[in-house]
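First the structure, in the form of structure tokens, and then the observations on it.
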Amino acid sequence: MAGFKTHISTSTMVGVAYGYWGVATQGMSLESGLLAGGLCSVAGMLPDLDSDSGVPLRETSLFMAAIAPMLMIDRFRDMGLSHESMALAAMLVYVGIRFVAVEFFRRYTVHRGMWHSIPAALVAGLGAYLIMPCPSEAIRVYKSLAVLIGFLTHLILDEIWSLDFSRGRMRVKKSFGTALKFFGNNWWANVSVWGKLVLLCYLAWGDHGILDRLRQRVRLDRERYTIPGPSLFPESQAPVYPQPGDSYSVPPYPAPSQQAPGYAPNNYWEAAPSDSQRVAVPPAHPALPWSSDAGAF
């Protein structure tokens, strides 16, 4: 059986090739190619979730618990979550994978069971498809296939290591055929894996409709809270300078485009006095005859 370092090294090399293929020939962006390569590398460790040894299970669970919340950012955004809600959801996903899912695999799976199978690889690929929504369907499928390819790389290596060439001739080990399989010996494990596959296929088929409804609801909520309603004082929305024929009242002073008697063209920027000021300011009176002789007294 191939070791942990062999699996991670091989899936990483396959991920580099897959990322380069997407960028060079399929028109994918460099970021999408790098992410797909990393997903393929990490997915090469997924089948070891059913391992009884400590290192593969620990490393695989840590990688999955750290990466899954980051991949679900677009899903959280489509659900309309705030930044605080996203952080809380990411912590819940981490705890769920790191402790709940790992404990489930430790108790209810056996090494080289149905988790080492082709249906399990499809389950992993569909799971990645569901947690990574993307506006472009091609990019979404491209990243999901990276997980599927990384998973299958692990299974293929297990089958290759089931052939022994140590003595100059090929010898088939008992573990041959336990990785690339469709059914196992335990009927309950078969029902469980195939049932998950059918459920994920159904969810993936209707995911576009669900995403469209979520995005529409988020868009309506944003419009509801960002677009102001009708003003409580409609008269305040009247133009400053009504045009001829409007039903609004004539302003107390003419618009700059009109000829204003008594104002020079270079004084249009000055604010005209209001009606209250015109009434309150008294007119100028002539000086009294004795005001010039006030200093004589």
N/O donor-acceptor pair under 3.5 Å between [X] side chain and [Y] backbone:
X	Y	value
Asp74	Met132	no
Arg75	Leu130	yes
Tyr129	Cys201	no
Trp194	Phe182	yes
Arg98	Ser61	no

pair [X]-[Y]: side-chain heavy atoms closer than 4.5 Å:
X	Y	value
Ile8	Ser41	yes
Arg140	Ser136	no
Tyr142	Gln26	no
Val147	Leu46	yes
Leu71	Leu35	yes
Phe105	Val100	no
Lys181	Leu155	no
His7	Leu157	yes

So how far is it from Phe76 CZ to Leu88 CG, rounded to the nearest 0.5 Å? 9.5 Å
From CG (Leu39) to OG (Ser11), nearest 0.5 Å: 11.5 Å
Once side-chain contact (heavy atoms from CB on, under 4.5 Å) is applied, do any residues pair with Leu34, and if so which ones, sequence neighbours excluded? Leu30
Could you work out, with side-chain contact (heavy atoms from CB on, under 4.5 Å) as the rule, every residue matching Ala90, not counting sequence neighbours? Pro69
Other cluster members, Trp188 - Ile/Leu/Val/Met/Phe/Trp/Tyr, side-chain contacts below 4.5 Å: Trp187, Val191
If I compare all heavy atoms of His116 with all of Pro47, which pair ends up nearest, and what's the gap? CE1-O, 2.9 Å
